[in-house]
Structures are given as structure tokens and as C-alpha cells.
Amino acid sequence: MSQFMADIRVSLADALHAALIAAGLDLPGDFQVGLERPARREHGDWSSNAALAIAKGAGRNPRELAGELSAWLEENQPEHVAEVSVAGPGFINFRLAPSWLHSVAKEAVAAGVEGYGRQNIGQGRTVIVEFVSANPTGPVHAGHGRGAAYGDAVARLLERCGYNVQREFYINDRGTQMDLYAASLAAIREGQPVPEDGYNGQYIVDWAAGMPSDADPRRWGRQRALANQREVLGSMAVAFDTWSSEQALVDSGAIDDALAALDAAGATYESEGAMWLRSSDHSDDKDRVLIKSDGEYTYLLPDIAYHRDKLERAGSQGLLINVWGADHHGYVARIKAAMAALGCDPTSLEVAVTQLVRLERDGEEVRLSKRTGDLIELREVIDEVGADAARFTYLLQSMDTTPTFDLAKAAAQVMENPVFYVQMAHARVCSIAARARADGVVRLSVDQVDLGVLVHERELEILRQLATLDEVITAAAEERAPHRVTAWLREFAAAVHSFYHDCYVVGSGIPPELTQARLVLIDAARVGLAVGLSTLGVSAPEAM
RNA sequence: GCCCCUGUAGCUCAGUCCGGACAGAGCAGAUGACUUCUAAUCAUCAGGUCGCAGGUUCGAAUCCUGCCGGGGGCGCCA
């Protein structure tokens, strides 16, 4: 939260508090004055339910109490407050003067795209965000795209909130799937049928065709898959700081260390020839196998070693955020149980589960399985709709929803995609500034411009919404919910388009002082749009 | 059988964690608006028993209980 926003809130809360004291009320020690933005603007800029909350305990009529508080506040108005009123069952509503909104514009312009909406609630805390982590057995597909867009947006939001963020990709380059993948590549190269449960997609045929005859299928295949993943993710501007290899954990002995630590904690036992984790001692509903009866590790044991490693790298105050698809939700309890068995702070690991994307082609469901041979690669999605539209579309909705993504429609509806609406708003304000320059308008510095002439409802609406951006970013970061920014951008862009339509900035009949003020306004709007888009990883074009 | 997500306007969804004021957008539909910065736009209208039934509360889309529908996952694949 910016200093400025904190001030307006604090000053309103302080004033309310003072009013409650003046009314002779006994306030509970932990009493917090509730302040919120009303859903309807007729109810003012800020609203408090303090009278409602306190009336019952005080044996007072809420509406009456609110009237008393409101009268006191009218007599002792905090800065920027234009009007205090009572409404509904006893809400106290504050209407702020335009002077407050004009300060918002100045703040946005002064802070710029780099600084506006930037906060320090993270205080440099290290967060390792692990996402995508697709198996190195094939290309990233359309479903991974959602995790990629989401994980990167969460990382960007946390960065803007003052966290030290590391983006991480975990490579499952060991185990049953890797064996089958290597065997499939080898079989195709030799002209043999792929093994049972092997990989059958067209991509594996294509890849095998490019594999040198003396290449080790496992090593070569791993590099082939990773090269694809890195390139495709890079084409949507997702880049990782760390690529962690499961095999490397085996080689370094980290897995044996983890097992020893679990043993020492009394969290393991042998049964049916296998090694088990006592995960049911913690948050899991049953125990889990760590080492199979054939002596091989399951996925779980290396993963435990991996999380130990990550926790160590993140430091004692660090936080791990894993972005997992819904098909992995059953693993949340067991990995947390394992961490608990090792004595780790349970709040240091957070798993964000994203629901799967439902893919359709011409109305018919397409499975995401890599083995059907009919996979939809992320590359195809990006090629069809573009990186910006792909990211924005993936972030359009809450990760708790299961969106239907029809590829045929996605290609056909590109022009209807909301991303263009938002980007267009940005391009428009840029084009106004460019026009002003072309027309020879000499810009004054912000301090020299009288923003008091900004009184049009379209102008004020832009600033009202802009003033909420840092709250939106805070909420989006804390709730790991980038779609809040997407929603805000769509509304903010609508306000900008409305202004554009009704208010001219340059041209005949526009007083020079109004041109100057509106140029400041569109600078502020541009900052808001660019900040919002950048937290989603979507570009803010100056022309379209 | 158990676990996770979900059910809000014709369609796609915000809002639910942290209860408030007549439930908000977009698309589709109807009707209007370009001699000045991009009509990829804007304005107006129309459209909803917030899955159902109880409960808690001054107040429930939001919290609790039960039921119904949709998606996903369920000991040694990842």
C-alpha cells in the first residue's frame, strides 16, 4: 500500500474513531474501524459499518448512532472529505473531494510504471515459485500454458509487492515415465513398435527421426524435450531462474539424506517389501510408499528431497509456492505430511492447485494426454492467438474454475479477446500523447498544471479506479489470484475508452490549460494500464 | 465410499476466504452515436427464485448442516 493510500484510509479511520469516542462509547480493546469501498458509487467513496457493528453491544439504535457520528464528522471533517452521510441500516458514507483524485493522478505520474503500485509488504522475503515442471518426455501442452501464465503472474505480483522471487522448474528426469520415454525413442529409431504403455504421439516419431544413431535416447531425449519446453515457454515470456533435476538429487545423495532424516524422525517403516512413509501421522489419510518393492524410488521420495533442498535455499524465512494441476491435488497432503515429519514449518510450503483446462476442438473434447498422439501443444496455441492473448486468456478467470478452451473458436475470436480491448486503451492514450507532440503542444511539468479543471465525470471515474490499483495488486498477490488484476484492467480500460470518446485532449476548442491537465490524466491512465498488464506479463503496446 | 474444485442473466464469468445497502461485467439481442486524439470504440434498453432445502444473524450469493448436478483425483505412474 502506498504511503498516500494508507494516509487517506488512516485519516478516515482515525476520524471515525474520534467520533466514536466523542459519542461516549466504550470500545472493545481490539476494535477495528471497518472501512470499505461501497459497491455503488452513490454511496460515496468510502463507507464504514462502524455504527452497525457497535450499536448492538452498546444498546443503541444503529441508524441513530450513525446519525450522531455523521454529525460529529461533518463538524470535524478530515482532509479531502467533501461530505459525510448516513444511509441504509446505518452506514456512514464519505464522499471525497476531487482534490483527492487529483492527488492520485500526480502520484501515478510521479511513480511511473516502475514505481506505481509497488509495495513492500514482502520486505525482501524469499519466495520460490515452482511451476509448469512438465515431464521432460514431450512438449509443453496447452494445459501447461495455464500453469505457466499463472505461476509467472504470481511471481510478478509478488515481486511488485517487495518479495524476492525465484522462478523454478523441476525436471522429473528419472523414473518410470522417463524409462518409457527413452525406450519409445529407441524403439522408433530401430523401427520397432513402442513398448506397452510407451509414448505414441506424432512428436515422438518426429523427434526420434532427428536422433543420431549413436545418441543415448535418455540423455538425448531429455535435452530434446527441455529445449522444446524452454523455447515455447520463452516465446510467451516465461523464463525460469532455476531448473532443478531429479536425477541430480539422486547423484548428489540428497535422496539418501532425506530418507535418513525421515528414518531418524521415526517416520518410515517397511512392509510388503516396500518402504513406507507414516504420512497418516500428519495430514494424510493413509501411508505412502517411498521405495517400491523392486527397490526403485517412487515419485514421492525424490520430491521430499527436492523440497528439503528448496527450503534450505529459500532460507529460514523463505516461502515455497508450488503450482500444481488439479490432477496432483492428492499429493498435497502427502508432501505436507512429509515436511511435517521432518519438522518443517507447515506455513512455509503452499500449494496452489489450478483446475485443468478443458480443451475442445470444434466442440469436441480433446484429451491432454501426451500419449494419445493428439496433444495440443502450447506452441500451437501461441502461434494461433499470440503470446499476449494466450496469457491474458489463461488469466481471465479464477484458477478454481475449469474453463473451456475451444481451439477453433480461440483462433476465430481473437478480435473479440478482451486483451485487445485493454491493450487498445493503452495504445489510445499513447496516441493522444503522440498527437499532442505532433501538434507542437509544449508540456508543462506536473507541478505547473492545474488539475482542478478535471471535473468531468469521465475524468474522475478514471482516477477513482486508478486509486484502487494498489489494493487490487495487494489482494491479487496475497490471494495468489492474478485474475483480480485482469478484472480490474477490463474495468479500467472501459473507463479509459469512455473518457476517450467523450473528452478530447487536443484539438480546436480545447482550452490549453485543459489540454495540459488531460495530458497529465492520460499519463496517469497509461501508468495504470501498463502496471496492470506488466503484472500479468502482457505487453502494453504504444500503437496497434 | 473418500478427497479437491465447481453450480450466479441465453452464453462466459467477477463477487464467496474476511456476511452488509435495490447481485456486477463482457459476449449474444434491441436502439442510437463518427466534420477534431484509432467506431478494434461509446451510450441507452432488455435480461437473474445467486443449484435446492433448512439453520445462524439486525442483515446471507458470502458462514453452518443436509441433499442434487458437473469436473478432477484416490495405496508401490508422475
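Lettering follows sequence order; numbering is per chain, from 1.
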**Q** Between rA21(B) and Phe91(A), is there a base-stacking contact, meaning the centre of the base's six-membered ring lies under 5.5 Å from the residue's ring centre while the planes stay under 30° apart?
**A**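 Stack criterion met.
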**Q** Is it the case that the base of rA43(B) and the side chain of Ser498(A) share a donor-acceptor contact (distance under 3.5 Å, atom types as modelled)?
**A**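 Not at all, since no donor on one side and acceptor on the other fall under 3.5 Å apart.
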**Q** Please tell me whether Gln423(A) and Asp388(A) have a donor and an acceptor in their side chains that are separated by less than 3.5 angstrom.
**A**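 Distance-only check passes for Gln423(A) and Asp388(A).
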**Q** How far does the P atom of rC64(B) sit from the matching atom of rG72(B), given to the nearest Å?
**A**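 About 26 Å, rounded to a whole number of Å.
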**Q** List the protein contact pattern of nucleotides 3-12 of chain B with one symbol per nucleotide (5' to 3'): B for base contact, S for sugar-phosphate-only contact, - for none; contact means a heavy-atom distance under 4.0 Å.
**A** BSSS-----S
**Q** Does a side-chain N-to-carboxylate-O contact under 4.0 Å join Arg464(A) and Glu461(A)?
**A**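 Result for this pair is yes, salt bridge flagged.
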**Q** Are His497(A) and Tyr421(A), when compared by the centres of their aromatic rings, separated by less than 6.0 Å?
**A**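 Ring-ring flag for His497(A)/Tyr421(A): true, centres closer than 6.0 Å.
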**Q** Would you call Glu471(A)-Arg484(A) a salt bridge at under 4.0 Å N-O?
**A**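 Judged by the 4.0 Å cut-off on N to carboxylate O distance, Glu471(A) and Arg484(A) do not form a salt bridge.
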**Q** With distance as the sole criterion, do the side chain of Asn49(A) and the base of rA21(B) form a donor-acceptor contact below 3.5 Å?
**A**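 Absent.
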**Q** Would you say the side-chain atoms of Glu168(A) and Tyr306(A) include a donor-acceptor pair closer than 3.5 Å?
**A**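 The answer is yes; a qualifying pair exists.
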**Q** Once you apply a heavy-atom cut-off of 4.0 Å, does Asp287(A) come out as touching a base, just sugar-phosphate, or nothing?
**A**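 Here Asp287(A) touches the backbone only, sparing every base.
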**Q** Look at the side-chain N and O atoms of Arg63(A) and state whether any lies under 4.0 Å from the OP1 or OP2 oxygen of rG59(B).
**A**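 No, outside the criterion.
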**Q** Is the ring centre of Tyr504(A) under 5.5 Å from the base ring centre of rU36(B), and are the two planes under 30° apart, so that they stack?
**A**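 Here Tyr504(A) meets both the 5.5 Å and the 30° conditions.
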